[in-house]
Amino acid sequence: MLSDDDVKWLETPQPGWSALRLPHMILEDSFVSGDSSGRRLSLRFFRHDPDRSLRAKVIFGPGTQGPPGHAHGGSMAAVLDDAMGGAAWMQGHPVVAAELTARFKTMLPLGARCVVEAWVSAVDGRKVRVAGRLRQGDGDTVFAEGEALFITLDPKKFGVLTSEASRIFSELDEGTS
Ligand SMILES: CCCCCCCCCCCC(=O)SCCNC(=O)CCNC(=O)[C@H](O)C(C)(C)COP(=O)(O)OP(=O)(O)OC[C@H]1O[C@@H](n2cnc3c(N)ncnc32)[C@H](O)[C@@H]1OP(=O)(O)O
């Protein structure tokens, strides 16, 4: 479903980005990242090293259709949710989403190469506010913007996921320090 060029594009970090190699336990059956068929969502996650925010490359496949030929708003909101949650995890906050706002700005053509940017905007106790943007990969068109409130949980509730996350992010630090 994806061309070889699309796969190559998805897997190639931009300057200042480090690839996040997420373990099978996170990817398997993930609503957003768990589809390897290319029919629905194809994503690769990265860390933007200068400010440790999150980047993702994403292609919305034919199975994400809402308006004919364009992505469903729910699929865009799901990608923003996942990326914003990932941005919080990347900065050491084991969270789940409590509130999510999405603003749909421009219809997103299926198959377009897109980039997601997500960053933590404020932390107040257990409340972690995160913002995000879904834009054209090779241009400035913004398809959707998001804001969300995430709540930090007891890391014990995430069990092995929390230690996996620490391991993944410390490996990145070793690679870029
Ligand atoms: C490599 C690894 C990568 C891993 C990358 C993984 C990325 C995954 C990202 C996916 C993100 C998701 O979709 S997660 C799935 C969707 N979300 C969920 O299913 C969450 C369901 N909701 C819950 O489980 C719960 O409501 C919680 C945990 C959010 C909160 O419950 P709690 O723990 O009992 O906390 P509680 O005392 O109620 O609230 C704590 C504080 O937060 C505030 N608060 C709580 N909810 C709200 C709310 N909706 N709006 C405003 N404020 C709220 C409270 O007022 C309080 O403030 P104060 O009194 O302290 O001031």
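Values below: every heavy atom of this structure, side chains too, minus hydrogens, waters and symmetry copies. In each ligand, atom 1 is the first atom listed, and ligand 1 is the first ligand listed.
When the heavy-atom distances from atom 11 (C) of ligand 1 to Leu153, Asp154, Asp81 are ranked, the shortest goes to Asp81. Around atom 32 (P) of ligand 1, the closest heavy atom drawn from Glu164, Lys127, Arg126 belongs to Arg126. For atom 21 (C) of ligand 1, the candidate residues are Ser30, Ala97, Ala83; the nearest heavy-atom contact is made by Ala97.
Listed by first and then second residue, the ring pair (Phe, Tyr, Trp, His ring centres under 6.0 Å) pairs that reach into residues 71-99 are Trp89-Phe158, sequence neighbours excluded. Screening residues 117-156 for ring pair (Phe, Tyr, Trp, His ring centres under 6.0 Å) gives no qualifying pairs among residues at least two apart or on separate chains.
Against a heavy-atom cut-off of under 4.0 Å, Leu149 is close to the following atoms of ligand 1: 50 (N), 51 (C), 52 (N), 53 (C). Here is the list of ligand 1 atoms found below 4.0 Å of a heavy atom in Ala98: 46 (N), 47 (C), 48 (C), 49 (N).
Distance from atom 24 (O) of ligand 1 to its nearest protein heavy atom, with residue and atom name: Val96 CG2, 4.4 Å. The protein non-hydrogen atom at the shortest distance from atom 1 (C) of ligand 1 is Ile26 CD1, 3.6 Å. The nearest protein atom to atom 48 (C) of ligand 1, hydrogens excluded, is given as Glu99 OE2, 3.7 Å; this is a heavy-atom distance.
The shortest N or O to N or O distance between Asp82 and ligand 1 is not under 3.5 Å. The shortest N/O to N/O separation between Trp89 and ligand 1 does not fall below 3.5 Å. For a threshold of 3.5 Å applied to N or O pairs, the pair formed by Ile151 and ligand 1 contains no separation below that value.
Using a distance-only test at 3.5 Å, with no hydrogens or angles considered, no donor-acceptor pair links the side chain of Arg40 to the main chain of Thr64. One N or O on the side chain of Gln91 and one on the backbone of Arg52 form a donor-acceptor pair closer than 3.5 Å. Lys57 contributes a side-chain N or O that, together with a main-chain N or O of Thr12, makes up a donor-acceptor pair within less than 3.5 Å. Side chain of Arg129 to main chain of Ser121: no donor-acceptor pair is present (N/O by atom type, distance under 3.5 Å, no hydrogens or angles).
Distance check for atom 28 (C) of ligand 1: a protein heavy atom is found below 4.0 Å. Proximity of atom 34 (O) of ligand 1 to the protein is not indicated, since no non-hydrogen protein atom lies closer than 4.0 angstrom. There is no protein heavy atom less than 4.0 angstrom from atom 59 (O) of ligand 1. Remark: atom 51 (C) of ligand 1 lies closer than 4.0 Å to at least one protein heavy atom. The presence of a protein heavy atom under 4.0 Å from atom 19 (O) of ligand 1 is ruled out. Under the 4.0 Å distance rule, the nearest protein heavy atom to atom 38 (O) of ligand 1 falls outside the cut-off. Atom 15 (C) of ligand 1 lies below 4.0 Å from none of the non-hydrogen atoms of the protein.
In this structure, CG in Leu41 is found 10.5 Å from CD1 in Ile59, a value given to the nearest 0.5 Å. Atoms CE and NE2, on Met76 and His70 in that order, are 9.5 Å from each other to the nearest 0.5 Å.
No more than 12 heavy-atom neighbours from other residues, nucleotides or ligands sit within 6.0 angstrom of CG on Asp4.
In summary, the side chains of Ser3 and Asp5 do not present any donor paired with an acceptor at a separation below 3.5 Å, with no hydrogens or angles considered. One side chain, Ser53 or Arg55, offers a donor N or O that lies under 3.5 Å from an acceptor on the other.
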